[in-house]
Amino acid sequence: MRLLPHPLLTLALIGIWLLLVNSLAPGQIVLGALLGWAIPLFTRAFWPDPVRIHKPLTLLRFTAVVVWDIVIANLHVARLILGRPAQLRPAFVAMPLALNSDLAISILANTICLTPGTVSALLAPDRKTLLIHALDVDDSAALIATIQARYETPLKEVFETC
């Protein structure tokens, strides 16, 4: 594993490279494989703990949910902005975290940022609360419950359950 420290990351990087260049030419596949191998190898000092994925199918389901939520949120935000922007109810919401893993917290914060209409603004120093800004909040408790159910719970299953 010293020469291939993160096999899943290597595969993801190869796939991302091939999507970026929009080609399956042999040279691009070789270059993608080289980059997919070299990037994790040279950045392994930044990965203090090995990444353990306990439930890969849950991770796939989580990815599908995030992609779906991004599409739906784009449509919702467009409707809000083009409709009546004066009636928006922006708010900061403090969400208590059940996650302990740095990687899981980072993925949660980035997922929130990727979803239009929400931004993770601040992680508390004790790492137990995440401050989220939302574009239109009717019920902050419902927003927290949705984020916990759709994102936090699957991430806990994938990265923290033994």
> Among Leu155, Asn100, Leu130, Leu99, whose side chain to side chain contact (heavy atoms under 4.5 Å, CB included) with Ile105 holds?
Replying inline: Leu99
> Backbone N or O of Ile70 within a donor-acceptor pair of the Thr115 side chain at under 3.5 Å?
Replying inline: no
> With respect to Glu152, which candidate in Ile112, Leu97, Thr111 satisfies the side chain to side chain contact (heavy atoms under 4.5 Å, CB included) definition?
Replying inline: Leu97
> In Å and rounded to the nearest 0.5 Å, what is the CD1 to OG distance from Ile147 to Ser120?
Replying inline: 9.5 Å
> If you look at every heavy atom in Ile14 and Gly36, which pair is closest and at what distance?
Replying inline: CG1-CA, 4.3 Å
> More than 12 heavy atoms of other residues, nucleotides or ligands under 6.0 Å from CZ of Arg84: is that the case?
Replying inline: no
> Between CG of Leu80 and CZ of Arg89, what distance do you get to the nearest 0.5 Å?
Replying inline: 8.5 Å
> Applying the side chain to side chain contact (heavy atoms under 4.5 Å, CB included) test to Leu122, which of Leu131, Ile132, Thr129 qualifies?
Replying inline: Leu131
> Between SG of Cys113 and NE2 of His133, what distance do you get to the nearest 0.5 Å?
Replying inline: 12.0 Å
>> Quick check against the 3.5 Å criterion: does Gln28 have a side-chain atom that pairs as donor or acceptor with the backbone of Leu18?
In response: no
> Is Ser140 reaching over with its side chain to a backbone N or O of Val93, donor-acceptor style, under 3.5 angstrom?
Replying inline: no
> Hey, is the main chain of Pro96 close enough, under 3.5 Å, to the side chain of Lys128 for a donor-acceptor pair?
Replying inline: no
> Is there a donor-acceptor contact under 3.5 Å from the side chain of Asp136 to the main chain of Leu88?
Replying inline: no
> Roughly how far, to the nearest 0.5 Å, is CG of Leu60 from NZ of Lys55?
Replying inline: 14.0 Å
>> Please check this pair: side chain of Ser106 against backbone of Asp102, looking for a donor-acceptor N/O pair closer than 3.5 Å.
In response: no
